[in-house]
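These notes are about the structure you will find just below.
Predicted, not measured: the structure shown is a model, and the values here were computed from it. Here is how names work: the chains are called A, B, and so on, in the same order as the sequence lines, proteins then strands, and each is numbered from 1.
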Amino acid sequence: MLGLVDGNNFYASCERVFDASLRGQPVVVLSNNDGCAIARSSECKALGVKMGQPIHEVPTHIRRQLKVRSANFALYGDLSGRVVSVLRDLFPAVEVYSIDESFVSFDGIPADQRERVAGQARERIMKWTGIPCCVGIGSTKTLAKLGNKRAKTTDSGVEEITGDHQLQDFAVGDVWGVGRKWAAKLGAEGILTALDLANTSPDALRARYGVVLARTQLELQGVACGQLEESEPDRKQIVVSRSFGREVVELDDVAQAVATFAIRASEKLRARSLSAGGVWVWLDTNPFKSGAKQYHPSRAMQLITPSADTREVLAMAQALVRSMYRKGYAYKKAGVGLLDLSPCGTQQSDLFASVDPRSTKLMAVLDQTNRRFGRGSMGFASAHRPKPGQWAMRQEHLSPSYTTKWDQLLKVR
DNA sequence: TCTGGGGTCCTAGGACCC
DNA sequence: TCTGGGGTCCTAGGACCC
């Protein structure tokens, strides 16, 4: 049996841990650039703010009642790790599925003890981290996810899916793996509930929707298609992209943003002990601005040998942005991707390319320095920090990084 | 004024090979 | 009139997830 433990309104709950004035209040956390609602407290949902809704579309009289926060991923990531460490103490195996969700194994826990252990996990997480969460239990991941959905509406915060009779209570769109498009298409064919989906003809489903939904159907029937994965599989690509706080016109500014993203992507690469075989850069004008000239160039290049050296990634990213940049457009977003990732030290080297043996050491010093003194303490001239009002993203409602920055610790008078 | 970011997998179609 | 069969690789697009 599997459980899914999911932090309720996770980012909003994180903001409340250290700021008691937010408790009981309608809290909304905004995406980067303070654009869209990406987490809402229950009070905020009750006011009608939708997931993903651009905050400027929320009527002013509602917006005035909201406690608004800019996304603070340093804080959320740290609290997420603390939740996971509680789970690792209580369960024989844990798969960290996302920043706010983990699958856990109930192996070795008697059936009549599951709800008690799940309840204990909830209590301990609440007590030790301040994050409220719910637990869904089922024989497959898909059923555990469904149970979690129901658990959110119960007092106990724990729900086990034990049989088909429960499936009819869920709309087909509630099922993990059934998104908006497929829910509409299935609905048009009369498949309206999770039970309908479980009972429909497998061959027709496979033909019309492909193997992904066919697997989901099996999981609803209790046939596990995905196991608990305790170790994270290696990444296939690493992407860093941001919208700009304002439109950017000049090549130097666009190039500076791309340099910043390339440096960050290289850091993420080394943190996972990977090397990149290629670099990919793209630029975007503002698609929401009707009448503005649009331009969405995208270009990739292979490195001669896979590398984790920021200098090589940076040089290639700069060459790419310069080759794509066109004067006369207002750029709103850019991104850098690292492709063809492979574990460090396993690559085939080029017979004629010499690898700089000092590279690994230099990058290690760079990373250590930035870990110790803060990101960007040691860097590259091509990515010097943007002046306020330049391309830097807007974060007007950012809370302190209470748990990850010494100078931002909570002060208790 | 204002519209996120980071991933995965599958499928179809074209180019190319023998 | 008639025009094979089987395979790989790559890319673009679409679906999904958080």
> Reckon A/L30 touches a base, only the sugar-phosphate, or nothing at all at heavy-atom distances under 4.0 Å?
Replying inline: nothing
>> Regarding A/N33, tell me which of base, sugar-phosphate or nothing describes its non-hydrogen contacts under 4.0 Å with the strands shown.
In response: nothing
>> So, does A/K289 get its side chain near the phosphate of B/dC2, meaning an N or O under 4.0 Å from OP1 or OP2?
In response: no
> Do any side-chain nitrogens or oxygens of A/R394 fall under 4.0 Å of OP1 or OP2 in B/dG4?
Replying inline: no
>> When you measure from the side chain of A/S13 to the backbone of A/P132, do you find a donor-acceptor pair of N or O atoms at a distance under 3.5 Å?
In response: no
> Any idea which of C/dC18, B/dT8, B/dT3 is nearest the A/N286 side chain?
Replying inline: B/dT3
> Mind checking whether A/Y11 and A/Y76 have parallel, tilted or perpendicular rings, split at 30° and 60°?
Replying inline: parallel
> Base, sugar-phosphate, or nothing for A/Y97, non-hydrogen atoms under 4.0 angstrom?
Replying inline: sugar-phosphate
> Using a cut-off of less than 4.0 Å, is there contact between a side-chain N or O of A/S243 and OP1 or OP2 of B/dT3?
Replying inline: no
> Looking for any heavy atom pair under 4.0 Å, which part of the strands does A/R63 touch: base, sugar-phosphate only, or nothing?
Replying inline: nothing
> A/D78 and A/T404: side-chain donor and acceptor closer than 3.5 Å?
Replying inline: no
>> What's the closest nucleotide to the side chain of A/K181 if the choices are B/dC9, C/dC16, B/dG4?
In response: C/dC16
>> Closest approach to the side chain of A/P54, judged atom by atom: which nucleotide of B/dT3, C/dC18, B/dG4 is it?
In response: B/dT3
> With a non-hydrogen cut-off below 4.0 angstrom, is A/K141 in contact with a base, only sugar-phosphate, or nothing?
Replying inline: nothing
>> Using a heavy-atom cut-off of 4.0 Å across all strands, would you classify A/D100 as base, sugar-phosphate, or nothing?
In response: sugar-phosphate
> Is the number of heavy atoms from other residues, nucleotides or ligands within 6.0 Å of NZ (A/K181) greater than 12?
Replying inline: no
> At under 4.0 Å, does any side-chain N or O of A/K145 touch on OP1 or OP2 of C/dC18?
Replying inline: yes
> Which is true for A/K185 with a 4.0 Å heavy-atom rule: it touches a base, it touches only sugar-phosphate, or it touches nothing?
Replying inline: nothing
> The side chain of A/S98 lies closest to which of these nucleotides: B/dC2, B/dT11, C/dC18?
Replying inline: C/dC18
>> Exactly one of A/E229, A/E219, A/E95 should register a salt bridge (Lys or Arg N to Asp or Glu O under 4.0 Å) with A/K141. Which one does?
In response: A/E95
> A/Q53 near the nucleic acid: base, sugar-phosphate alone, or nothing, with a heavy-atom cut-off under 4.0 Å?
Replying inline: nothing
>> Taking pairing as Watson-Crick or G-U wobble with both contacts under 3.5 Å, can you name the mate of B/dA12, or confirm there isn't one?
In response: C/dT11
> From B/dG6, B/dC10, B/dC9, pick the nucleotide closest to the side chain of A/V211?
Replying inline: B/dC10
>> Please pick, from B/dG4, C/dA15, B/dC10, the nucleotide with the shortest atom-to-atom distance to any side-chain atom of A/W182.
In response: C/dA15
>> Please tell me if A/R235 has a side-chain N or O lying less than 4.0 Å from either OP1 or OP2 of B/dG6.
In response: no
